[in-house]
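What you see is a predicted model, and the numbers here were worked out from it, not measured in a lab.
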Amino acid sequence: MPKARKKKTPVTATQTCRTSDSNSSNPHTTRTLIRRFHVLLKKQRQLQKSVSSTCNAQELRDVEREIEEMGGLAAYQHMSNIGQGADRGGGSEKVLIKWLVGMGLSKRDDGRGKLSLLEVGALRPDNYASCASWIDTTPMDLRSRHPAILEQDFLCMDANEHGERWDIVSLSLVVNFVPEPKDRGRMLTLVHTFLRPSGLLFLALPLPCVENSRYLTFEHLQSLMSAIGFVEIEKKWRQGGKMAYWLYRKVQPDGSSSTRDFRKKSICREGKRNNFCILLK
């Protein structure tokens, strides 16, 4: 008799069906699924705002059915978690930790206490466990995967309640996941409010969001951040790479750029580009 074939486990299966995150799917499959989730979730958000027509309502049902067939938001988070595995080079927190250590902030011998870090979009509660002696982390996500991760919509946080509360805020692969350009800008503005004087913002984006956008360039992003009140102190990316990282320090806006200059889309480059954009109110 022919040998029975082992049934394959779907790549979007939940963690309980797997032996480990590291061997559940190959890097290409992981990236492809994450990109598809980004497209579908963005489209879902847009259609939810205009479901009055029969056509839009049917399209929304189709999008939601595909999301469900792929495993829903839990599957997206699981695939993102795989992408942060040690066998994939680890998460972006390694970049931030290296920068902080280089700035001498890991040495807290002067009685200043630990640095307070708000990690938005945290998929794991222990990304900064190795720095527990000098960083007090508050991991947060829109949908928590762990009891130690605060379930919270960052854009719904009260500015008065949380003003100047944190030394560092991490937005790693978060801003690009916000569907609306003005909400992306509002998120960055809120970070400025939540940071203590001279606080730090760690920003990580897929490189194409800046390198290949019709509406955003590295220079445009720098001017936008300056208008909010951030000065760039570190930057990391490479030609042909997939990610770009920045470290900004909170300052008072210098007046060289006005937020009014970033309220409408302005074409920076022609040709075949993506439409990623950040707008300010």
Side-chain angles (χ1 to χ4, degrees), residues 15 21-22 73-74 76-178 187-205 230 233-236 243-250:
Q15 179 64 28
D21 276 346
S22 61
L73 185 57
Y76 162 75
Q77 290 178 314
H78 177 64
M79 300 308 291
S80 297
N81 194 40
I82 292 173
Q84 290 189 9
D87 62 323
R88 308 287 168 85
S92 60
E93 71 276 357
K94 292 184 178 180
V95 178
L96 175 57
I97 292 171
K98 183 177 180 179
W99 282 341
L100 296 177
V101 171
M103 295 168 65
L105 295 178
S106 60
K107 300 177 181 178
R108 313 296 289 175
D109 299 330
D110 54 4
R112 290 178 295 174
K114 296 183 182 182
L115 292 167
S116 57
L117 164 65
L118 175 62
E119 184 188 9
V120 185
L123 297 178
R124 298 178 178 177
D126 57 352
N127 284 332
Y128 294 89
S130 63
C131 310
S133 63
W134 55 282
I135 296 180
D136 184 12
T137 308
T138 302
M140 171 190 297
D141 197 19
L142 190 62
R143 178 174 174 178
S144 173
R145 302 178 76 243
H146 190 280
I149 299 176
L150 176 65
E151 186 163 296
Q152 172 70 53
D153 185 341
F154 181 85
L155 291 171
C156 293
M157 294 176 68
D158 185 85
N160 294 322
E161 180 182 352
H162 301 288
E164 298 189 357
R165 180 173 176 180
W166 286 281
D167 296 304
I168 309 166
V169 174
S170 170
L171 298 179
S172 178
L173 294 177
V174 173
V175 175
N176 57 294
F177 193 60
V178 177
M187 175 172 279
L188 295 172
T189 303
L190 273 176
V191 170
H192 190 274
T193 301
F194 294 165
L195 283 172
R196 292 169 179 163
S198 299
L200 301 171
L201 162 62
F202 177 64
L203 177 66
L205 291 171
F230 287 109
I233 57 177
E234 294 283 0
K235 179 170 64 178
K236 178 182 178 180
M243 290 292 300
Y245 308 92
W246 295 264
L247 188 64
Y248 295 98
R249 187 180 299 282
K250 175 181 176 177

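Inter-residue side-chain proximity for L205 and V175 is flagged as met; some heavy-atom pair is nearer than 4.5 Å. Within the 4.5 Å cutoff, side-chain heavy atoms of M243 are placed close to those of L173. Considering only heavy atoms from C-beta on, D141 stays 4.5 Å or farther from H146 through its side chain. Residues M157 and Q152 form a side-chain contact, since some pair of their non-hydrogen atoms from C-beta on lies under 4.5 Å apart. With contacts defined as side-chain heavy-atom distances shorter than 4.5 Å, the pair V169/L117 does not qualify. Between Y248 and L200, the closest side-chain pair of non-hydrogen atoms is not below 4.5 Å.
The two residues A159 and F194 have their closest heavy-atom pair at CA-CE2, 3.7 Å. Across L201 and L188, no two heavy atoms sit closer than the pair CD2-CD2, 4.1 Å. What you find for Y245 and S92 is that their closest heavy atoms are CE2-CB, 3.5 Å. Here the closest heavy-atom approach between residue K250 and residue E164 is recorded as NZ-CG, 4.0 Å. Across all non-hydrogen atoms, the minimal contact from L171 to M187 is CD1-CG, 4.0 Å. Nearest heavy atom pair, residue W246 against residue K235, reads NE1-CD, 3.4 Å.
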>> Please determine whether side chain to side chain contact (heavy atoms under 4.5 Å, CB included) holds for the pair L100 and F202, giving the CA-CA distance in whole Å, both sets of side-chain angles, and the decisive distance to 0.1 Å.
In response: CA-CA 10 Å; L100 296 177; F202 177 64; over 6 Å; no
>> Show, in sequence, the C-alpha distance, side-chain angles and deciding distance for L247 and K236, and conclude whether the side chain to side chain contact (heavy atoms under 4.5 Å, CB included) test is met.
In response: CA-CA 9 Å; L247 188 64; K236 178 182 178 180; over 6 Å; no
>> side chain to side chain contact (heavy atoms under 4.5 Å, CB included) for I233 and M103? Distances and angles first, verdict last.
In response: CA-CA 10 Å; I233 57 177; M103 295 168 65; 4.0 Å; yes
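Only one option out of D136, V191, T138 pairs with W166 in a side chain to side chain contact (heavy atoms under 4.5 Å, CB included); it is T138. Checking each of R196, R249, K114 against D167 for a salt bridge (charged side-chain N to carboxylate O under 4.0 Å, His left out) leaves exactly one that passes, namely R196.
One distance of note links CG of L105 with CD1 of I168; it measures 6.5 Å at 0.5 Å rounding. One finds the CG atom of L203 at 9.0 Å from the CG atom of N176 (value rounded to the nearest 0.5 Å). To the nearest 0.5 Å, atom SG of residue C131 and atom CG of residue L115 are 10.0 Å apart. How far CG of L195 is from NE2 of H162: 13.5 Å, rounded to the nearest 0.5 Å. Between the CZ atom of F154 and the CG atom of L142 there is a distance of 12.5 Å, given to the nearest 0.5 Å. A distance of 12.0 Å separates NZ in K94 from OH in Y128, rounded to the nearest 0.5 Å.
Taking a 6.0 Å sphere around NZ of K98, one finds it holds 12 or fewer heavy atoms contributed by other residues, nucleotides or ligands.
No side-chain donor-acceptor contact under 3.5 Å links S172 to the backbone of A204. A distance-only check finds a donor-acceptor pair linking the side chain of E151 to the backbone of S144 [under 3.5 Å]. D126 places no side-chain N or O within donor-acceptor distance of the main-chain N or O of A129, the cut-off being under 3.5 Å.
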